[in-house]
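Heads up: the structure comes next, in structure tokens.
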Amino acid sequence: MKLSNRLKLVEKMVEPNYAHIWDCCCDHGFLGASLLSKKTKATVHFVDIVPDLIDEIETKLKRFFSGSAWEAHCLDVSLLPLQRYDGNHLVIIAGVGGGFNRQIC
């Protein structure tokens, strides 16, 4: 999986001291998967409002990251269930492009 230069920069900014990392509007989940590949100790949460994307991501995560801590959420980022999870959180909203004519996230 090849990250764009923009997502590589975001990935470099992620510090190792978080219990939960939320990859919001994750699209195909490249950033979150890259973080899982780096063996982060955090639970990586993949969040997107598009059900087909979340289904696809969940299938791939089960196949390639079955031993890693992750969750897939199909929901609007304004409804993140942060209070359900103990520890500190990092919320990343980096997957929203400028080409959308409708509000998705």
Side-chain angles (χ1 to χ4, degrees):
M1 154 191 46
K2 186 174 178 176
L3 287 182
S4 68
N5 288 334
R6 180 178 57 84
L7 289 182
K8 284 180 189 176
L9 289 172
V10 172
E11 180 191 52
K12 285 181 183 181
M13 292 190 293
V14 175
E15 296 180 4
N17 59 334
Y18 292 100
H20 299 276
I21 300 172
W22 298 81
D23 182 5
C24 298
C25 304
C26 65
D27 195 33
H28 294 286
F30 296 146
L31 176 61
S34 182
L35 293 170
L36 288 173
S37 294
K38 303 274 188 214
K39 306 293 186 202
T40 181
K41 294 178 183 177
T43 298
V44 178
H45 299 264
F46 295 79
V47 182
D48 206 290
I49 200 167
V50 180
D52 291 344
L53 285 176
I54 290 299
D55 290 345
E56 178 186 329
I57 289 167
E58 196 163 19
T59 298
K60 289 179 181 177
L61 291 171
K62 285 177 182 175
R63 181 175 177 197
F64 297 109
F65 296 102
S66 62
S68 300
W70 59 266
E71 292 186 33
H73 307 269
C74 184
L75 55 88
D76 187 292
V77 296
S78 68
L79 303 173
L80 291 181
L82 301 176
Q83 68 283 357
R84 280 198 249 155
Y85 300 92
D86 291 333
N88 54 350
H89 299 259
L90 172 64
V91 177
I92 302 171
I93 304 175
V96 182
F100 289 99
N101 292 326
R102 61 189 173 133
Q103 184 177 0
I104 292 178
C105 294

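Values in this document were obtained by computation on a predicted structure and should not be read as measured data.
Note that CG of L36 and CG of D23 are 9.5 Å apart. Values are rounded to the nearest 0.5 Å. Taking CG of D27 as the reference point, atom CZ of F46 lies at 12.0 Å (rounded to 0.5 Å). A distance of 9.0 Å separates CG in L53 from SG in C74, rounded to the nearest 0.5 Å. We find the CG-CG distance between L90 and L35 to be 8.5 Å, quoted to the nearest 0.5 Å. Between the CZ atom in R63 and the CD atom in E58 there is a gap of 15.5 Å [rounded to 0.5 Å]. One distance of note links CD1 of I21 with NE2 of H45; it measures 9.0 Å at 0.5 Å rounding.
Of all the heavy atoms in H20 and A42, the pair that sits closest is N-CB, 4.1 Å. In plain terms, the two heavy atoms of A19 and G87 that are nearest each other are CB-CA, 3.9 Å. Scanning all heavy atoms of the two residues, the minimum distance from V77 to C24 falls at CG1-CB, 3.4 Å. Of all the heavy atoms in S37 and F65, the pair that sits closest is OG-CZ, 3.5 Å. Here the closest non-hydrogen pair linking G29 and I57 is N-CD1, 3.8 Å. Across all non-hydrogen atoms, the minimal contact from D48 to C26 is OD2-N, 3.3 Å.
N17 CG: more than 12 foreign heavy atoms inside a 6.0 Å radius.
Under a hydrophobic clustering in which Ile, Leu, Val, Met, Phe, Trp and Tyr are joined whenever their side-chain heavy atoms come within less than 4.5 Å, directly or via other members, V44 and L9 fall into different clusters.
Side-chain contact between K62 and W70: present, with at least one pair of heavy atoms (C-beta onward) separated by less than 4.5 Å. Taking the side chain as every heavy atom from C-beta outward, I54 and I49 never approach each other to under 4.5 Å. Side chains of L31 and V14 form no contact here, defined as non-hydrogen atoms less than 4.5 Å apart. Contact annotation: the side chain of K8 approaches that of N5 to within less than 4.5 Å [non-hydrogen atoms, C-beta and beyond].
Take W22 and apply the side-chain hydrogen bond (donor to acceptor under 3.5 Å, both in side chains) test, not counting sequence neighbours, and it matches H89.
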